[in-house]
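Comments concern the structure below.
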Amino acid sequence: VGGIQDGVFDFSALVHAAMEMIFPLVMLIYLPNMPACHIGIAHDARGPNNTLTLHRGSSLAAITEAVRLLERGAVDAMICGGCGNCINPSFLARAKTHQFAAPVDDPSTLPRPFDAARNGTLPGEGAAVFILESREFAEARGAKIYAKVRGYGMRTDPKLDHSKSEGVGIRQAIRGAMFDAELSPDDLGHVNADGLGTLDEDSREAAAIRAELGNVPTTSLKGYFGNIGSGAGAVELVGSLLGLQHGLIPPTRNCEQIAPDCPINVVREKPQPMNAPTVLKLNTGLGGRTFALVVEKV
């Protein structure tokens, strides 16, 4: 190993040895802005190119930023989404930090969002990308329009020990998005929750949903994908957008018995008819940052 000479570690020797061992383009392998960079190159996209690294909130934060550019008239269209790869050694090495579930004989039964037997999440990987554009631009090119953004909200619950947070930031993010969208809880078809499958996170999120939205139908799709990290919001939003096309709420997988500390209307077992063509998507990242996005079928 570089840095060890004659059985003795020498830091100055490590510096020179390490430079010879490291692949010269290694930085390009893990820089978070590489996906956006390569997509821009591949499609000759010359608009604003930015990458937001906010853990599970990254995708919704990126969508919100793209919408703001459209609202200001700075762009006509944006390629926007998120990706995450949590199945890698550096992520798995911090298993306790990410509250991974205990091993079981059948991994497909994990994670268990809002379930009485939930005990942690599982890592996943995936990506989803959307074309966001002004209504006029989309109609002019004959695009199939899946939904429109009605409103968004972003708040932070800055607790040094986030496990002691009471979910105030989640409540305020929901309230902000609903106010921006000019909607009431009765106008929502369903909530697509973060639903990580951990004890503290699910309980806190469920309490916030109940307090702000009452008995609105709620689902979480992490039972299908696991925790995709930065790509979670985008991939999970796809599930609700497809559900909007069919008037159905996708069910929460692995939620067999709703936990007493998660007093919300969890959609389980099979798809449920949607009473309104609107969705509130929620994701919370590390540090208590919560992002809420309201979309409506066109």
Side-chain angles (χ1 to χ4, degrees), residues 35 52-64 66-67 80-87 98 108 110-115 118 121-130 132 146-147 149-150 152-154 170 173-174 177 188-198 201-202 205-206 208-209 213 216-246 248-255 262 264-268 271-272 274 277-286 289-297:
L52 302 176
T53 53
L54 297 166
H55 200 235
R56 298 193 309 279
S58 300
S59 293
L60 296 191
I63 292 172
T64 298
V67 170
C80 183
C83 62
N85 173 21
C86 298
I87 306 177
H98 299 292
S108 68
L110 299 173
R112 309 180 68 85
F114 305 118
D115 187 72
R118 72 189 190 279
T121 188
L122 285 186
E125 61 181 3
V129 175
F130 310 96
L132 302 177
Y146 284 85
V149 175
R150 284 288 303 260
Y152 47 81
M154 298 168 287
I170 302 175
I174 294 173
L188 276 183
H190 73 275
V191 173
N192 186 326
D194 199 28
L196 189 61
T198 62
E201 297 275 1
D202 283 13
E205 184 180 25
I209 292 172
L213 301 173
V216 62
T218 300
T219 189
S220 168
L221 302 185
K222 284 188 173 62
Y224 300 93
F225 312 121
N227 175 18
I228 304 177
S230 296
V235 174
E236 293 161 7
L237 181 58
V238 168
S240 282
L241 290 177
L242 293 177
L244 282 174
Q245 305 308 303
H246 301 282
L248 296 172
I249 306 171
T252 304
R253 184 179 180 183
N254 296 331
C255 183
C262 297
I264 53 175
N265 180 12
V266 181
V267 178
R268 302 178 297 132
Q272 177 177 308
M274 203 180 309
T278 53
V279 177
L280 172 71
K281 180 72 189 88
L282 281 174
N283 283 106
T284 299
L286 294 176
R289 292 166 294 196
T290 298
F291 300 84
L293 182 75
V294 178
V295 297
E296 181 179 25
K297 181 182 178 181

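Position 1 is the first residue of the sequence, and the numbers go up from there.
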| field | Inter-residue atom distance Leu132.CG - Cys80.SG, 0.5 Å rounding | value | 5.0 Å

| message | I'd like to check Leu196 versus Asp202 (side-chain heavy atoms, cut-off strictly below 4.5 Å). Are they in contact? | response | yes

| query | With Ala173, which residues qualify under side chain to side chain contact (heavy atoms under 4.5 Å, CB included), at least two apart? | reply | Arg155, Thr290, Ala292

Anything under 3.5 Å between a donor and an acceptor, one on a side chain of residues 232-241, the other on a protein residue two or more places apart or in another chain? List them.
residue : atom : partner : partner atom : Å
Glu236  : OE1  : Lys222  : NZ           : 3.4
Glu236  : OE1  : Lys281  : NZ           : 3.0
Glu236  : OE1  : Asn283  : ND2          : 3.4
Glu236  : OE2  : Lys222  : NZ           : 2.8
Ser240  : OG   : His190  : NE2          : 2.8
Ser240  : OG   : Asn192  : ND2          : 2.9

| task | Please name all residues satisfying side chain to side chain contact (heavy atoms under 4.5 Å, CB included) with Ala206, sequence neighbours left out, ordered by chain then number. | result | Phe114, Cys262, Pro263, Ile264

| What residues, two or more places apart in sequence or in another chain, satisfy side chain to side chain contact (heavy atoms under 4.5 Å, CB included) together with Pro251? | Tyr224, Val267, Pro271

| message | Please enumerate all residues that pass salt bridge (Lys or Arg N to Asp or Glu O under 4.0 Å) together with Arg268, with sequence neighbours excluded. | response | none

| task | Can you measure from CG (Leu110) to CG (Leu122) and round to the nearest 0.5 angstrom? | result | 5.0 Å

| query | Which heavy-atom pair separates Thr64 from Tyr152 by the least distance, and what is that distance? | reply | CG2-CD1, 3.5 Å

| Heavy-atom donor-acceptor pair, Glu205 side chain to Asp194 backbone, under 3.5 Å | yes

| Under the side-chain hydrogen bond (donor to acceptor under 3.5 Å, both in side chains) test, which residues partner Thr198, sequence neighbours left out? | none

| task | List the atom of Thr219, the atom of Leu221, and the distance in Å for their closest heavy-atom pair. | result | OG1-CD2, 4.0 Å

| query | Counting N and O atoms only, with roles assigned by atom type, does the side chain of Asn254 sit under 3.5 Å from a partner on the main chain of Pro113, one being a donor and the other an acceptor? | reply | no

| Can any side-chain N or O of Thr218 pair as donor or acceptor with the backbone N or O of Val266 at less than 3.5 Å? | no

| message | Any non-hydrogen side-chain atom of Met274 less than 4.5 Å from a side-chain atom of Pro217? | response | no

| query | Residues two or more places apart in sequence or in another chain: which of them pass side-chain hydrogen bond (donor to acceptor under 3.5 Å, both in side chains) with Arg112? | reply | Asp115, Glu256

| said: Tell me every residue that passes side chain to side chain contact (heavy atoms under 4.5 Å, CB included) with Ser58, counting only those two or more places apart in sequence or in another chain. | reply: Leu54, Ser230

| query | What distance do Ile209 atom CD1 and Ile170 atom CD1 have between them, rounded to the nearest 0.5 Å? | reply | 8.0 Å

| For the atom pair OG (Ser59) and CZ (Phe130), what is the distance rounded to the nearest 0.5 Å? | 7.5 Å

| task | For Arg150, enumerate each residue passing the side-chain hydrogen bond (donor to acceptor under 3.5 Å, both in side chains) test, keeping only those at least two apart in sequence or located in another chain. | result | Glu296

| message | Return the CG to CD1 distance between Leu280 and Ile174, rounded to the nearest 0.5 Å. | response | 6.0 Å

| query | Excluding sequence neighbours, so at least two apart, what forms side-chain hydrogen bond (donor to acceptor under 3.5 Å, both in side chains) with Ser220? | reply | none

